[in-house]
Each structure stands twice: as structure tokens, then as C-alpha cells.
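See below for the structure under consideration.
Just so it is clear: chains get the letters A, B, ... in the order the sequence lines come, proteins before strands, and each one is counted from 1. For the numbers below, each heavy atom of this structure counts, side chains included, while hydrogens, waters and symmetry mates do not.
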Amino acid sequence: MATKRVPFWQREKYTPYLLLLPAFLILMFVVLLPLLFSLYTSFTGYRLIRPESLYDWVGLRNYRRIFTDGDFWSAFGRTILFLTIALNLEFLLGLGIALLINKITWGQRTLRTIMMFPMMFSPILVGYQFKFVFNDNIGILNNALYALGLSDGAIAWLVDKYLAMFAIIFAEVWMSTSVFAILLLAGLFAMPRDPLEAAKVDGCNSWQVFRHITLPFLMPFVFIAMTIRSLDVARAYDIVDVMTGGGPAGRTELLWTMIARTGYDNARMGQANAMAYVSILLSIAFTYYFFTKLLAARKYMGGAE
Amino acid sequence: MAEITLTNIVKNYGKLEVVHGINLDIAHNEFVVLVGPSGCGKSTTLRMIAGLEDITGGTVSIGDVVVNDLPPRKRNISMVFQNYALYPHMSVRENLGFGLKIAKQDEATIIKRVDEAADILGLDELMDRTPAELSGGQRQRVAMGRAIVRHPEAFLFDEPLSNLDAKLRVQMRTEIKKLHQKVKTTVVYVTHDQVEAMTLADRIVVMKDGYIEQVGTPMDVFNNPVNTFVASFIGSPPMNLLPATIKGKNIVFADDKSLPVPVRLTGLVRDGQEVVFGLRPDDLTPVGHGIAESGDGAKVTLDIVLSELLGTETILYTSIAGQEAQGKMFGPRIVAPGETLEFDVAMDKAHLFDAATGKSVRVE
Ligand SMILES: Nc1ncnc2c1ncn2[C@@H]1O[C@H](COP(=O)(O)OP(=O)(O)OP(=O)(O)O)[C@@H](O)[C@H]1O
Ligand SMILES: [Mg+2]
């Protein structure tokens, strides 16, 4: 007795794959292909204005070039510096704000909402806003300093290399501290009260309670915030581009402003993509680092409360 | 090691007063149990002693020091919490040693005391685990260990056993008792379980709605409850409380049946007084099934509604003057519902309370 063979797409063991196929195809076209394509171009001398250069295979030349390029390494180092300073400042300020808001009993909701305002603006607008604030002639900051008699001339906030970096970090911190504050506040809300009281009875003063009990409990939340924010800051572009455009003389150049300039202004897409790959590796490294920390900090938080 | 004195302690939460001027002297090395129904202010009182709650009025002193304005860390007390409150990110060893580390004890002392405590509580094998890796009973033991390593002036327990299952609770109760015999210290222990109170306490403090109803040894509170609340709260099954009226030398119930006024209470009641007659189920036993023959006895005949076998004894549900009442049958036999039995009433153990005030006629 011969049964007719069922066509393979009707066989049960293929059904899950069949159902996953659309998602798989979409992911492939939208993410994987462009990724592979850009990886390929990073090995070519591809220039936007000369499409035929797409087939101009140059092997590792782009990588060799950027690895020996002092400007690239400066931007690389600056990005890490920027990331480190901004994240730490945001963490400390966010922690402070969260602790204060956690203390007050009245108007907490309102404050929480107000706290989120900076996050509601587009980074471009924040950039323009701070470009105005820090402007040396018409800037509100210089005017204020002058009116208060604290300075007698125009301070070139966005031109001096240290001050420009400071200004950018300031804008970044202003915009994103609330991410930390909100996540840490959520952590404080979730914190059980008993261990705090036990620690007080065990002889801790307020600082010791914070240091030995509250902070370890908050660490998983800190690392979640760090993971999110490190991805965010590592790709910082808009604020910097608007405020200084990477200037003066490339002194506030970060990886992505450099990549955008190389790719679009100078049309050297191949090299830009090589840089982008290095930058992505940097992001992955940070994410991996914080994620490991997060897992370690979370381990003991299961079960016992 | 010290005595604790509460003088006119008042606690307000906003406008709401929840503890109304409590006075209590706790002696050196005494085991005092605060017991009462949920919401009566036991935890609040304990937390005021610990310093975790502000004291609205009155004074708390530990030793000779008024501690009202001292933070918990300066009171030299240890507390065991209902939810254990272990530090989740520290190992058992670190949990135990934390208080000593904060007190800047040297390493050798910390190790010695931690090992000592681990030994007493049988924690040796668990020292490197985190709280998440312990069972409820083990966590409870760690919480107690953390309290004893510091050699405090007093231990405060807030319902430490209420999260454990019945069997473990009984076991831990015994361990706490043993612990107190080993580590002589003043203990204030909060529970709403009257059995825990009876078994652990040197003295029981019965609380209700922010007031102390009675203070006394377990025997005293059990045998001489000062009012109907204490009478019904302490003892299981609870004391039968039946409304009645005094007529001459008799206690007359609603159905006109009567019992003689117990000899020890004659002269304490007036003719015509509305009373509540209190009798523990243990003192209402079928003839031949009591514990001891009562000198001042009386006999009643009652119908059985229901019986509950407990093994060594059987609880008999019956009704007296239309009110449900319980008796006990020791050395039991099977009793069928509807059976009629003759009961011994141990009148020398019976209580009379004034119906209006609820107070025992002996304290009025
Ligand atoms: N933070 C608070 N704010 C307002 N009222 C409170 C607060 N804490 C406790 N109370 C009230 O104080 C009273 C006493 O509470 P407490 O916790 O001392 O009761 P308890 O005797 O320990 O009860 P339980 O056996 O349920 O633990 C309760 O009526 C409670 O509602
Ligand atoms: Mg309580």
C-alpha cells in the first residue's frame, strides 16, 4: 500500500521553520545583508561618488591606514574618555537625584515627571540649545558671568579644546542624567526595607548603611543603566556635530563624527566602514563588560529578600 | 545585659494614636513575650525599643540610659526580623560577622565569635552560601546567629517563626528556648501565637488595641485572666464564655439552668449582677474522663453536637443555654453526635467576669 508522500512544507517537523521564515527573511534583508555589505566595503576602496570603486578590492589597506592614523586613535581615545567621564558623572548625579527624590514624600510624582523633560528633546535640539548657551558672544553663560562680574571677557567655550570638550560633556550629562536617576529610583523603590533596618540595628550609621547595603543592592540597576548608556554615548554624534562639528581643528572629534565626515563629506565609504567596524567592536566590548558585571551583581539577588 | 523600662510609651502615626501609654519593666535576663491579635501594636512597641520608630511620648530606657534619642546603633541591641532581613549579597559568614566588622573588632575576634555562633546554631556547613541558597529554617538560624555574635544587651524578636511551616516552627521554638538558656540575655519576643507565648515566656504581656491587658507569668495569665479578652486569647481551644446572672448563691443561665457560685468567688459577686461565666474546655469533662477529680465540682448533662478526635483527647462540641461550648474528653472513646453525656464541671477553676466591663470579678 503506497501512501502519497506529503510535500515537505506540509510535514510537521518543518512547520516551525516555515512560520519563522518571514521574520528570518526580513532580518536578513534589513540587518544581515547591509552588515555584510558594509563589511565587504570596508575591504574596498569604495567612494560614494565613484560607484565602480565598489569592486576595487584593497584587502586590509583601509584597516592598515586607520590603525596607523594618529587622528583616528585620538578620536578613539577621546570617545573612551568622553564615555568614561559622561557615564560616571551621570551615574553620580543620577544616584544623588534618585536618593533625594526617594527621601521626599510630597510632590514625588511631579518631580519624577519634571526629571524626564531633558529626555524628551531631540539631541539635535539639545545641541543647538547648548551651542547658544555656550556661545562666546551672545551666549547666556558668558553674559551671566559678565553680569556677575566673574569674568571680564568673552570665554571661548566652544573653541578652546578643553572647554569645548567640557561643554559637550555638560550637554550630554544634562540630557541623560535622568536615565540613571530613573533606573536607580526604580531600584530604590524595589529595595526591601528589612535589611536596611537590620543594618541600622547591627550598628551602621547612615553612610555605612548606604555603602554596605543600599549600594550593593543598586549595582545591578547601575549596570543596566551603564549598558544602555554606553551604547548610547559610544555612538554620540548629533550633539557634537551641532555644537562643535568635531572642531576646533578636530579636537572634539569622536569616532562617529569622524566616520560621518570620512564617509559622507570625503566620500570615502570604504574607509569609513572600516572605522565603523572598529567602533562597533568598542561598543560590544563595553556592553560585554557591563553585562558581565550585571550578571555577577545579580547572582545573589535572586531568592532571598 | 540589662533591664528595659518602658514608661508611658505613646506612639502616633500622624494623628492616629496606636500605642496608648504603655508601662513595662523587663528584668535583666528575662524572657518577655508580647502577644496579642494582629494590629495591636506589638511590632510598633518593639520597634520603638529598637529605635527604628520614633517615640511620640514617654521614655524607653535600656540599662540606666534613656535611649529615646539614641539611634539603633547606639542601643546595643540585636533584632531578629520576621522576614529574616539577611543581607542578600553577603555569604552566611559575612552576614554573621557584619555587625562586628562595622564595630571595628579585630579579625581574630570576629572569626572566633562567628565560629562560636555557627557552632551554637549548627551553621558550620552553610558558611559560604548566600541567603538565596538557604531554606527558610536555615535563614532563620542565620538571622539568630547574626543577633548573638554581637553579645548585645538585649535581643528583640519580631514574629521570627511566623514564616516557617508548623513542624519547623515547633522545632525552632525549642531552639530559641535552648538558646536563651545558653546565652543568658534579656529577650523581648513578639508573637501573635499564644502557644509560642506560653512555651517561651518568663512573663507574658497580653496586648490589645495599643493597651496592655495583662502582664504575668504564663501560669498566672492562664489561670487568672483579668478579663474576658485575655481569657479567650490565651489557651486553646479558647475558654467558653457564657452570659449569666447571679441569683443568690447561683449562676443562672438564659435557660434557667444554674450552677453554684464557686466557693473562691463567693462574696465577690452581688445578687442580680450580670456576669460572664468562663470555663476552659479542660474543666468541662465527661464523668470518668477528666484529668483530676475536682473538689468543688458540679455536674451537668449535655447533648453532644460534634466531636473532634485529637488522639489523646477529644474535643466535644455541645451547647449550654443556647451558646456553643466545648468540653474535652481525656482517655477518649468514640462519641456519636446526639449522644447525651454527664459532665464534671470543675467549679474551682471557673471564672466570673462582669458582663458590662469584661473584668474578672476577682480584680474589681
Ligand atoms: N507606618 C504606619 N503608618 C500608619 N499606621 C501604622 C504604621 N505602622 C503600623 N500602623 C498601625 O499601627 C497599629 C499597630 O501596628 P503593629 O505593626 O504594631 O501591629 P502588630 O501588633 O505588630 O500586628 P501584627 O501581628 O499583624 O504584626 C496598626 O493598627 C497599624 O495599622
Ligand atoms: Mg507585627
Side-chain angles (χ1 to χ4, degrees), chain A residues 91 95 98-99 102-108 183-184 186-226 290-305, chain B residues 14 43 46-47 49-53 70-92 94-105 129-136 138-140 142-143 146-147 149-158 163:
Chain A
F91 163 52
L95 180 63
L99 288 172
N102 190 39
K103 277 272 175 238
I104 60 169
T105 46
W106 188 85
Q108 205 182 51
L183 278 167
L184 296 187
L188 287 173
F189 285 163
M191 170 133 214
R193 204 180 56 164
D194 281 1
L196 296 179
E197 297 190 331
K200 280 186 208 161
V201 175
D202 253 355
C204 289
N205 57 32
S206 316
W207 162 249
Q208 287 166 323
V209 172
F210 173 76
R211 166 75 189 72
H212 294 291
I213 313 296
T214 314
L215 200 55
F217 181 84
L218 281 183
M219 276 337 261
F221 295 86
V222 173
F223 289 127
I224 290 173
M226 289 268 185
F290 287 128
F291 221 72
T292 327
K293 288 278 204 189
L294 171 67
L295 288 184
R298 258 194 61 88
K299 205 183 73 198
Y300 47 76
M301 288 299 170
E305 357 167 61
Chain B
S43 298
L46 194 74
R47 291 165 57 80
I49 300 175
L52 293 171
E53 215 63 78
L70 292 183
R73 69 195 149 94
K74 298 223 169 116
R75 299 192 183 192
N76 197 15
I77 34 108
S78 283
M79 184 153 169
V80 177
F81 295 79
Q82 179 172 356
N83 303 318
Y84 323 125
L86 300 178
Y87 310 125
H89 54 291
M90 298 184 198
S91 69
V92 169
E94 289 163 331
N95 260 285
L96 293 178
F98 183 67
L100 298 174
K101 196 175 112 195
I102 291 299
K104 301 223 161 53
Q105 298 277 355
R129 302 207 196 161
T130 59
E133 299 163 335
L134 300 178
S135 74
Q138 290 166 335
R139 284 180 206 172
Q140 191 55 58
V142 177
R146 191 173 62 184
V149 287
R150 289 179 37 235
H151 299 181
E153 304 254 25
F155 283 133
L156 310 178
F157 289 89
D158 192 355
N163 281 355

Give me the atom names and distance for the closest heavy-atom approach of [X] to [Y].
X: B:R73; Y: A:C204; answer: CD-O, 3.2 Å
X: A:A198; Y: B:A85; answer: CB-O, 3.7 Å
X: A:H212; Y: B:H89; answer: O-NE2, 2.7 Å

**Message:** Heavy-atom pairs under 4.5 Å with chain B: which of A:D202, A:I213, A:D194 has the most?
**Reply:** A:D202
**Prompt:** Does the side chain to side chain contact (heavy atoms under 4.5 Å, CB included) test come out yes or no for A:V201 and B:R47, once each step is laid out?
**Reply:** CA-CA 10 Å; A:V201 175; B:R47 291 165 57 80; over 6 Å; no
**Message:** Which atoms of A:E197 are under 4.5 Å from chain B, going by heavy atoms: the side chain, the backbone, both sets, or neither?
**Reply:** both
**Request:** Sequence neighbours left out, what passes side chain to side chain donor-acceptor pair (under 3.5 Å) with B:N163? Give chain and number order.
**Result:**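 Testing B:N163 for side chain to side chain donor-acceptor pair (under 3.5 Å), a comparison that skips the adjacent residues, returns B:N83.
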**Request:** Mind checking side chain to side chain donor-acceptor pair (under 3.5 Å) for B:Q105 and listing every partner two or more places apart, or none if nothing turns up?
**Result:**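 Once residues adjacent in sequence are excluded, B:Q105 has no partner under the side chain to side chain donor-acceptor pair (under 3.5 Å) criterion.
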**Item:** Atom pair CD/CZ of A:Q208 and B:F98 - distance to nearest 0.5 Å
**Value:**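 Taking CD in A:Q208 and CZ in B:F98, the distance rounds to 7.0 Å.
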